[in-house]
Protein chains: 2
Amino acid sequence: MEERSAREEPAGAGSPELRLWVRLLRCAKIGEKQLRRNFEDQFDTTLPRFDVMAALHREPDGMSMGRLSKALLVSNGNVTSIVRQLHTQGLVLSQPDPQDGRSAIVSLTEEGERQFKQLAEAHHRWIADIFRDVPPARIDQLVDGLGEVRRLLGDKT
Amino acid sequence: MEERSAREEPAGAGSPELRLWVRLLRCAKIGEKQLRRNFEDQFDTTLPRFDVMAALHREPDGMSMGRLSKALLVSNGNVTSIVRQLHTQGLVLSQPDPQDGRSAIVSLTEEGERQFKQLAEAHHRWIADIFRDVPPARIDQLVDGLGEVRRLLGDKT
DNA sequence: TCATTTTGCTTTAGGCCTAAAGCAAAATGA
DNA sequence: TCATTTTGCTTTAGGCCTAAAGCAAAATGA
């Protein structure tokens, strides 16, 4: 009852663009898995918490929940719960926005800043270790390639 | 109290390998977001369920839960719950493994196969649409680049 | 002014995901 | 043979994540 030949192509990995996407996703998944484990084992924290801290570190004056949510590409509700945990741990500070009574400005506390630096250093070390044998010029090539993909995906940043 | 100059580098986006990784993760996140929404809106399903179905489609004779979990890079417990849902929907069949009483062989039902084909076709269309303006040679280049990254990440496939 | 709409955020229900504990079958080895 | 260990899977607790509902403040506009 086959339609054309004895063996149909999987039709999945067949097309180049599909292979590109599948491979991209797989790289992200493998890398995330390693990072999650490292953050958990060595610092008892998570990648999403690190992401929030990294975003706040870039804005010493703090950010609203909404801006945080847009920067990280996650929902408002999600930011609410991650920030709450960081707050419980004393790593972030939440101050009412003088301009807008609905909003609060979140920023890293000194302790948060201190911890972030340690996390960021380890994070960089882990990543650098993965690419240690790749020539810088090749890395830049890959960065450019992903820049192109990001543009095609319509990143709004 | 700065150590070297008036303005320290963010040290984040600074190094090429970190930019590579951040960009990779961001591409994956943006793309996943779009796919998740498409699967939800148009087929009332999810990317993880599609992934399981795709893996089963590739193995017409079925796979054990363990193999499924390794193929998808997720935990056993996670596969248990996703397969249970597909089973509830009548999309997969679970048969005791004659060789091993602890294990069961999961496979797509006819209905599962039928639905998968529709999902796969739409999935391919969405991806192809993203890369429609990219010359095939360029796509292959990007595929190769990600193949290199995947190897560096130590993919066991 | 002030009713209506919009906006920023939180809560809730529910799916995805993991690590760890637990269970039963299979494998091991004395 | 049979106690012990290993293996395949499920369950549980708990974090991440979203969409949708809900709330209150801000913005709008007649």
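Worth knowing before you read on, the calculation uses all heavy atoms, side chains too, and leaves out hydrogens, waters and symmetry mates. Each chain gets a letter, A, B and so on, in the order its sequence line appears, and its residues count up from 1. Since the structure is predicted, the reported quantities are computational estimates derived from the model, not experimental observations.
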Just to confirm, is there a sub-4.0 Å distance from OP1 or OP2 of C:dT18 to any side-chain nitrogen or oxygen of A:Arg37?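 No, A:Arg37 has no side-chain N/O under 4.0 Å of OP1/OP2 on C:dT18.
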Minimum-distance pair of heavy atoms, taken over all atoms of B:Ser64 and B:Ser103: CB-OG, 3.6 Å
Taking all atoms of both residues into account, what is the closest heavy-atom pair of B:Val106 and B:Ser94, and its distance? CG2-OG, 4.2 Å
Could you tell me whether B:Lys29 and B:Glu32 make a salt bridge, using a distance below 4.0 angstrom between a side-chain N and a carboxylate O? no
Check ion pair A:Arg132-B:Glu17 (N to O, under 4.0 angstrom): no
B:Leu47 CG - D:dT18 P separation (whole Å): 14 Å
Ring centroids only, cut at 6.0 angstrom: are B:Phe43 and B:Phe50 within range, meaning strictly under it? no
Does the ring center of B:Phe131 lie less than 6.0 Å from the ring center of B:Trp126? no
Does atom CZ (A:Arg37) have a neighbourhood of more than 12 heavy atoms from anything else shown, all under 6.0 Å? no
If you round to the nearest 0.5 Å, how far is NZ of A:Lys117 from CD of A:Glu121? 12.0 Å
Dot-bracket encoding per residue of DNA chain C, Watson-Crick/G-U cut-off under 3.5 Å, | denoting interstrand: ||||||||||||||||||||||||||||||
How does each nucleotide of nucleotides 7-17 of chain D score, in 5' to 3' order, for protein heavy atoms under 4.0 Å: base (B), sugar-phosphate only (S), or none (-)? BSBBB---SSS
